[in-house]
Structures are given as C-alpha cells and as structure tokens.
Number of protein chains: 2
Amino acid sequence: METIASSSAFPPDAFAKDCASRVVLDRIGDRWTVLVVGALADGRLRFSELRTRIEGITPKVMTQTLRALERDGVLTRTVYAEVPPRVEYELTDLGRDLLVPIDAIRHWAEQHASRIVANREVYDR
Amino acid sequence: METIASSSAFPPDAFAKDCASRVVLDRIGDRWTVLVVGALADGRLRFSELRTRIEGITPKVMTQTLRALERDGVLTRTVYAEVPPRVEYELTDLGRDLLVPIDAIRHWAEQHASRIVANREVYDR
DNA sequence: AGAGACAGTATCTATTTGATACCGAGCACT
DNA sequence: AGTGCTCGGTATCAAATAGATACTGTCTCT
C-alpha cells in the first residue's frame, strides 16, 4: 500500500494501515475527543466552560485536543480581542455529523456501565 | 477513588470523573478497541487472524486489548488444547451491542476521511 | 499598587505504546 | 536424533503521550 486512499476507487477500509479512514479513527480513539465533542453538542462553549464540564482534563491536554479537532475541521476556534480573553469553540457541520455516532457510543456506555464494572469485578476475583 | 458509581440513583453522566460510564468510555477511547471489535463483527477469529486483519497492531498491544475486552465482558477467549495452539475470540451479547455504535463511528470515519485529511492540509499550510 | 479573570504555556514526571527479539510444546520431515 | 515449522503469545527496552503543577501576559477594577 502506498498513498493514502482518498480515492473512492477502492472502498475505504479502516482496518488498513495508512488508509484515510484509519487515520480518522485514530482521532476518535482518543481519550478525550468523545467528551469534548459531546460537550459541544448544545452549542458553543469557552475554554473554561469546557474544563468545568469535562472533569479531570488538564489544560494542556484540553488545548491539544481542541487544536487537533480544529485541525480536522470538527470545530472552530474563535478568539475575541477582549480582556480577560474570550475564546469560543463550536462544532462545524462535520462535527455535528460526528455527534451522531458519538452520542450512540456515550449512550451505550451509560447503559451498560454497571454491567461492565460488574464483569471486571468477577474477572479480577 | 473509592467506589465507582454503579448505583442508578443518579443519572449516569459520562462527563463526570469516576462515573461508571466514564470508565467505560475510556475503554472505547482506546486506539485499538474499535478495530478489534469491528473485526469480530462477522464471527470468531483466532489471534493471528486478528493480527492479519488489523494492520499495524503489535502482538503485545493485541494481547492487552483482548484481555481488557475480555475483562469487560465484551468478548470471550477460548483456548483449544491443540498443537500448535488455537485460541479463538468471539463477541458476547454485550460486544454485539457495542458493535452498533462502533460501526456508526467507522462509517462516519470512512465517509468523511478525505474531507478531514483535506482540512489538515489546509490547516498545516 | 495590588488582586483578579481568562486562556492558555512551560516544565517535569509517570504512564502507555510500540519495535523487536525470543519462548515452549509438539508434529513432520530427513 | 536433530532441525525446522506453527501458533499464541512474553520479555525487554526505547519512544511517544498524558498528566500534575506552576507560571505568564493583558487589561480592568478597587
């Protein structure tokens, strides 16, 4: 395999290394992406609002995650030249598309969480 | 951290640290989970078959991922006492449930991959 | 002058991931 | 009897990533 398959001559195959869709999956297979995108479901939020909503994320990692998502065109970053500074993040159309499967994942997690935690306890015993 | 909130007195909230659903999300926010579960969509596979299908995963990481998913009850691991050894992995009901949102994610990735790669190129320029 | 808000950086450490080499049991072949 | 092969992993070490914590710059308000 050579070039990134952005052509549609071949069906995109996320299992193939170097396939574009695999590259994209790597973004979602990120600890924080699901949470950040999910947090922006109801509209634009500022950096600090995101930090409050998503417990446990450090500012460095928040910045990294946001920049990566901005780079991919999932969200926009708008800086207002005020003091104190105001920066708002908002999903793009692409980001709102992503929201659909991401919500599905989150719902699955919330539905089956207790069962999974129980499985772990059995396994570890 | 002491107890994971597996009670259903509170609505599960994946944004909250220490919430069970957050713990579960962390499993999905793993680089390989989506691929491994997706690979098992059509039935049981052996270790080496998984390695072939999922390009780029190393044996160590494959083992880690499979053990974690087994621990969570997403798949089963069956060892046949043969030589050479045969070990088969298969999704549980829980795993097949997970397959639904995971397929949604993969479809999203395959659909929008080229657009995202294009976005990155613009951003990096 | 000093404190505070906000959106981050800088720095250092801990944890995860990855590359690569190797192992053990048994069969098949020479 | 020795050699090589298959399969499903481990072992070991290096590299990349995530996390904890402290700090910065700008302006405004007291």
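Within every chain, numbering begins at 1; the chains are lettered A, B, ... in the order of the sequence lines, protein sequences first and strands thereafter. The model shown is predicted, which means the values in this text are computed figures rather than measured ones.
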Looking at the side chain of [X], which of [options] is the nearest nucleotide?
{"X": "B:Arg77", "options": "D:dG8, C:dG8, C:dG26", "answer": "D:dG8"}
{"X": "B:Thr63", "options": "C:dG24, D:dT26, D:dG9", "answer": "D:dG9"}
{"X": "A:Pro85", "options": "D:dT10, C:dA7, C:dT9", "answer": "C:dA7"}

Under 4.0 Å between a side-chain N or O of [X] and OP1 or OP2 of [N]?
{"X": "A:Ser48", "N": "C:dA7", "answer": "yes"}
{"X": "B:Tyr80", "N": "C:dA25", "answer": "no"}
{"X": "B:Arg67", "N": "D:dG9", "answer": "yes"}
{"X": "A:Arg46", "N": "C:dA7", "answer": "yes"}

NZ/NE/NH1/NH2 to OD/OE distance under 4.0 Å, B:Glu49 and B:Arg51: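 No salt bridge links B:Glu49 with B:Arg51.
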
Cationic N near anionic O, under 4.0 Å, A:Glu88 to A:Arg44: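 Here A:Glu88 pairs with A:Arg44 in a salt bridge, since their nearest N and O are under 4.0 Å apart.
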
same_hphob_cluster(A:Val34, A:Val23) at 4.5 Å side-chain heavy-atom cutoff: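 A:Val34 does not cluster with A:Val23.
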
Shared hydrophobic cluster, B:Leu99 / B:Ile54 (ILVMFWY, side-chain heavy atoms < 4.5 Å):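 Yes.
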
Polar side-chain atom of A:Thr33 near backbone of A:Arg27 as donor-acceptor pair, under 3.5 Å: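 Indeed, once roles are kept as given, a pair shorter than 3.5 Å links the two residues.
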
Rounded distance in Å - [atom1] ([X]) to [atom2] ([N]):
{"X": "A:Met62", "N": "C:dG8", "atom1": "CE", "atom2": "P", "value": "10 Å"}
{"X": "B:Leu45", "N": "D:dG9", "atom1": "CG", "atom2": "P", "value": "13 Å"}
{"X": "A:Phe47", "N": "C:dC6", "atom1": "CZ", "atom2": "C1'", "value": "10 Å"}
{"X": "A:Glu88", "N": "C:dA7", "atom1": "CD", "atom2": "C1'", "value": "13 Å"}

List, with names and distances, any nitrogen or oxygen atoms from the protein found under 3.5 Å away from nitrogen or oxygen atoms belonging to nucleotides 14-20 of chain D.
residue	atom	partner	partner atom	Å
D:dG19	OP1	A:Arg31	NE	2.8
D:dG19	OP1	A:Arg31	NH2	3.3
D:dG19	OP2	A:Trp32	NE1	2.9
D:dG19	N7	A:Lys60	NZ	2.9
D:dG19	O6	A:Lys60	NZ	2.6

Sugar-phosphate, base or nothing in reach of A:Arg86, heavy atoms under 4.0 Å: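 The answer is sugar-phosphate, as A:Arg86 gets under 4.0 Å only of primed atoms, P, OP1 or OP2.
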
A:Asp72 and A:Val24: CA distance, side-chain angles, deciding distance, side chain to side chain contact (heavy atoms under 4.5 Å, CB included) verdict: CA-CA 9 Å; A:Asp72 285 354; A:Val24 168; over 6 Å; no

Quiz item: cation-pi between A:Arg77 and A:Tyr89, 6.0 Å / 45°: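 Output no; distance or angle outside limits.
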
